Every structure is written in structure tokens, then in C-alpha cells.
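So the structure is just underneath, and the comments pick up after that.
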Amino acid sequence: MGKWVLRMNKQSATGKSSRSNQRALRPIGLLIILATAYAVYHLNFKQSVGHDLFELMGTVVDIKVVVPNYVDAEELIAETRSEMEKVVDVMNAYNPESFVARLNDLPTSTPLKVEADEAIILDVLEKSREVSELSDGAFDITFASVGRYWRFDPSDPRLPSDEEIERAKNRIDYRQVVIDKEEGTVMLSGEETRIDLGGIAKGTVVDVAIRFLKRHGAEGALVNAGGDMYGFGTKADGQSWTVGLQHPRKPTGTVIPGVYIRVGGREVGDFAVVTSGDYERSFVHEGTRYHHIIDPRTGLPSSGVSSVTVISRSAEWADAMATAIFVMGAEEGMALAENRPELEAVMITDDLEVLATSGLADSVKGIELKIGASN
Ligand code: AMP
Ligand code: MG
């Protein structure tokens with residue numbers, strides 16, 4: 001290219017022939033500009049997409065990402081998955097190696113050291129406690145003291161005896177989870193108290209995935225871990241991610257006609273949309289349906305609500321709050337939701353009434369809830 005410039009400069013000094021040479025060079029210049037523009041566009045701006053489904057924590061995780069061309073979408077999803085698995089390994093009560101399982105196995109009031117790679121558990125336990133306090137104990141990870149006697153798998157269910165429930169429900173008390181931040185330890189101070197993070201952990205894991213995706217160049221993503229979702233940015237075509245509300249009494253994938261939430265939009269899309277549903281895990285015994293969300297006051301599945309969806313900036317917070325609002329029920333639960341500026345909520349009651357916080361009725365920027373429309 002230096003050579004051309006040199007010749008051009010030289011000949012421009014000789015008058016007549018320079019004009020025809022310039023004309024000859026024009027298409028080449030144009031080509032160079034076009035080639036450069038094309039290269040810049042492809043290197044920096046063109047997006048590619050990735051999509052994967054895999055199993056984690058007994059549910060299907062679905063990740064969709066939009067990345068710039070220089071990021072390998074499939075590889076990014078694989079790395080995100082392994083970040084999620086690391087966190088599950090700490091929190092999954094059913095994995096005997098996990099922090100939670102080891103804590104549950106210790107004699108009463110024995111502190112367990114949190115190792116460096118388990119540090120996330122301290123945050124999760126603190127958030128859990130905060131939600132327990134806000135909900136007056138409706139959300140309580142020590143529900144597991146009675147939850148351990150239930151099995152909600154319809155192919156192998158277990159209904160505890162009245163005596164089991166009566167005895168174990170007295171072990172439920174979130175204050176018995178004692179965190180010593182200075183020592184970096186956790187202990188359970190109640191006899192036979194157990195914890196289970198099933199009401200919050202999926203949200204934590206979704207947040208971990210989203211943070212990882214953002215840090216590694218994703219421009220948009222929708223992560224869905226069995227009803228715990230987080231969306232940011234837009235799809236590759238610039239459209240918002242849309243999330244339908246599952247009909248609680250119809251087969252999976254049946255969206256309530258006219259009720260859907262739009263997450264995203266170029267300026268503001270960055271939300272968790274998390275649903276607690278009584279249809280997720282349940283069994284029927286002698287005509288009664290028993291589901292997996294336990295009211296700590298009774299030790300039995302809580303009643304009156306079919307599903308609660310919470311929209312917030314954190315999937316972890318939304319997850320725990322959705323479970324809390326579910327257990328609290330229509331009146332108290334929706335009153336709590338209405339008072340929390342950081343979240344919006346939609347509740348579907350047992351008789352299929354749809355309730356929503358006023359922030360949604362007014363259609364908060366970036367979130368659109370349509371009730372009774374034809375979408
Ligand atoms: P979610 O779908 O987030 O409402 O979570 C339901 C899961 O939360 C159950 O499968 C239990 O593992 C756990 N859980 C049930 N009842 C409670 C409760 N009262 N407080 C906290 N976690 C609970
Ligand atoms: Mg939850």
C-alpha cells in the first residue's frame with residue numbers, strides 16, 4: 001500500500017496524467033474501504049447464538065446466548081455449565097459430599113468450617129435468613145427437619161405419619177442456623193434440625209450463570225433452570241425475550257392465554273423471572289394432592305396458592321421470595337410483595353384467580369404484563 005501512495009504523490013505533481021490515474025485507482029480504494037468495513041463488522045459487531053439444554057439439580061437447564069462473533073458460544077455455555085455445577089456441589093443436600101449434607105450429618109451444635117471454594121454458602125445462608133425474617137418464618141430452610149420425611153416423587157411418594165410431622169415440625173426454626181463469619185463456620189444448634197436450600201439454590205445458580213456470561217462477553221442471554229429464569233439484552237434479532245406463565249392445572253408448556261411477561265428491550269432488559277409452582281413436584285394420595293412447598297407452621301404442604309412468579313434483579317432473591325410469598329398466601333403474601341420496591345409479583349390462586357402487584361398493572365418500563373389480552 002505504501003508503494004501506491006508514493007506513486008500517487010509523485011504523479012500528482014505532473015498534472016495531466018494524474019487525473020486518469022486517480023480515476024483508475026478509485027475502484028481499488030473503494031474495494032479497500034469495503035473490505036475493511038466488512039472485516040470490522042465481522043470481527044466486532046456480528047453476533048452469533050448458542051443454545052444448550054442439560055440436567056442439573058433434578059431439573060432441565062436451558063441456556064440461550066447471544067455473543068459477538070469472536071466469542072465461541074458453545075464453549076461459553078459449556079464453561080457456564082461447569083460454574084453452575086461447582087455451586088450445586090456445595091448446596092445439594094442429596095450429594096453426601098456437599099457442605100449442606102455434611103452439616104446435616106454432624107451432631108447438634110458442631111461448627112463446620114466453610115472452605116474457600118464453598119464461600120458462596122455463607123451468602124446463601126444470610127439471604128435465606130433475611131427472607132425468613134421478612135416473611136415471619138414462612139420461608140425457612142430448616143423446613144427440611146420435617147421435609148426429610150416427605151417424598152414428592154410421584155413414582156415413589158412418602159406421606160409421613162401424623163406423629164412424625166408433629167414431632168419434626170417443632171425442629172423448624174431458622175434461628176438455629178448459626179453463622180460465625182469471623183471463624184468462617186456454620187452450625188445447627190437445634191436437636192435433629194436439618195436444612196435444605198431447594199427454595200433458593202436454583203436462583204443462586206442462575207445468578208452465577210448470568211454473572212459468568214456477562215463477564216465473558218455475552219451480549220444477551222436467557223437462562224432457565226426449571227422455572228427460575230434470568231434474561232438480559234435481547235435475542236439476536238433485537239426482539240425481547242418473552243416468558244409465558246405456566247397454567248398451573250394444564251400440562252407443561254401450556255401458557256395461560258393472555259398472560260405473559262416480556263423481559264428485555266434494548267435499554268432496560270435485565271431481570272429474573274422466577275416461579276414457585278405447586279405443580280412442579282407432587283403426588284396424589286386418596287384424592288388429595290400433596291406438593292413440595294411446606295408450611296413451616298403445620299409441616300404440611302401449604303394451601304390456597306397454585307403459583308407465584310417474582311420479577312426482580314436477582315434470581316436468588318426472587319426464588320426465595322417466591323417461595324415465601326407462596327407460603328404466606330394471597331393476602332399476606334401479596335401485601336409483602338406490594339411493600340417491596342425491589343420486586344414485582346404475580347400470584348395464581350387455587351381457584352385460578354390472577355393477582356399482580358401494582359407495579360405490573362402500571363406496566364413498569366421493560367416489563368409488560370398483559371392480562372386478558374390476546375397474545
Ligand atoms: P420453589 O420451587 O423455589 O418454591 O422451591 C420449592 C422447594 O423449596 C422445595 O422442593 C423444598 O426443597 C424447598 N421448600 C419447601 N418449603 C419451603 C419453605 N417453607 N421454606 C424454604 N424452602 C422450602
Ligand atoms: Mg423458591
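Every value quoted in this text rests on a predicted model; they were computed, and no experiment measured them. Counting begins at 1 with the first residue of the sequence. Both counts, for ligands and for their atoms, begin at 1 and track the order of listing.
- The shortest heavy-atom distance from G227 to ligand 1 is not under 4.0 Å.
- Note that the CD atom of E353 and the CE atom of M347 stand 10.5 Å from one another [nearest 0.5 Å].
- In this structure, the side chain of R194 does not engage the main chain of T142 through any donor-acceptor pair within 3.5 Å.
- Within the 2.8 Å limit, M321 places no N, O or S atom next to the Mg ion (ligand 2).
- Not one N, O or S atom of D228 sits under 2.8 Å from the Mg ion (ligand 2).
- Summary of contacts: the protein heavy atom closest to atom 3 (O) of ligand 1 is D319 OD1, 2.8 Å.
- A cation-pi arrangement is absent between R289 and F283, since the terminal nitrogen or guanidinium carbon is not both under 6.0 Å from the aromatic centre and inside a 45° cone about the axis.
- Ring-centre distance between Y290 and W150: below the 6.0 Å cut-off.
- Scanning all protein heavy atoms for the shortest distance to atom 4 (O) of ligand 1 gives S276 OG, 2.6 Å.
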side-chain hydrogen bond (donor to acceptor under 3.5 Å, both in side chains) between D270 and Y230, worked out:
CA-CA 7 Å; D270 210 337; Y230 196 109; 2.7 Å; yes
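- Considering both main-chain and side-chain atoms, T323 comes within under 3.5 Å of ligand 1 through a nitrogen or oxygen pair.
- Put simply, part of F139 is less than 4.0 Å from ligand 1, judged by heavy atoms.
- Here the protein heavy atom with the shortest distance to atom 16 (N) of ligand 1 is I294 N, 3.0 Å.
- Taking the ring centre of Y149 as origin, the terminal cationic atom of R158 falls outside the region bounded by 6.0 Å and 45° from the ring axis.
- Looking at S98, its side chain does come within 3.5 Å of a backbone N or O of N92 through a donor-acceptor pair.
- Taking each of G147, S128, G198 in turn, the one with a heavy atom nearest to atom 5 (O) of ligand 1 proves to be G198.
- At the shortest separation from atom 11 (C) of ligand 1 among protein heavy atoms lies F143 CZ, 3.3 Å.
- If you take NZ on K86 and CZ on R81, they are separated by 14.0 Å, rounding to the nearest 0.5 Å.
- Ligand 1 is approached by P296 to a heavy-atom distance shorter than 4.0 Å.
- E166 has a carboxylate O that lies under 4.0 Å from a charged side-chain N of K169, or vice versa, which qualifies the two as a salt bridge.
- Taking the six-membered ring where the residue is Trp, the centroids of H291 and F326 are separated by under 6.0 Å.
- Residue contact check: D196 has heavy atoms under 4.0 Å from atoms 12 (O) of ligand 1.
- A salt bridge between K235 and E219 is absent, with no side-chain N of the basic residue lying under 4.0 Å from a carboxylate O of the acidic one.
- Proximity to A138 (heavy-atom distance under 4.0 Å) selects the following atoms of ligand 1: 18 (C), 19 (N), 20 (N).
- Of all protein heavy atoms, the one lying nearest to atom 15 (C) of ligand 1 is H292 O, 3.3 Å.
- Between V327 and ligand 1, no pair of N/O atoms sits closer than 3.5 Å.
- Under 2.8 Å from the Mg ion (ligand 2) lies an N/O/S atom of G199, whether from backbone or side chain.
- Comparing D140, V274, V131 against atom 21 (C) of ligand 1, the shortest heavy-atom distance belongs to D140.
- Each of the atoms 10 (O) of ligand 1 lies under 4.0 Å from some heavy atom of R281.
- Note on D319: its N/O/S atom closest to the Mg ion (ligand 2) is OD1.
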Kindly indicate, with the supporting measurements, whether the criterion side-chain hydrogen bond (donor to acceptor under 3.5 Å, both in side chains) is fulfilled by Q239 and T234.
CA-CA 6 Å; Q239 298 282 311; T234 64; over 6 Å; no
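- When hydrogens are left out, the protein atom nearest atom 2 (O) of ligand 1 is E280 OE1, 3.5 Å; that is the closest non-hydrogen contact.
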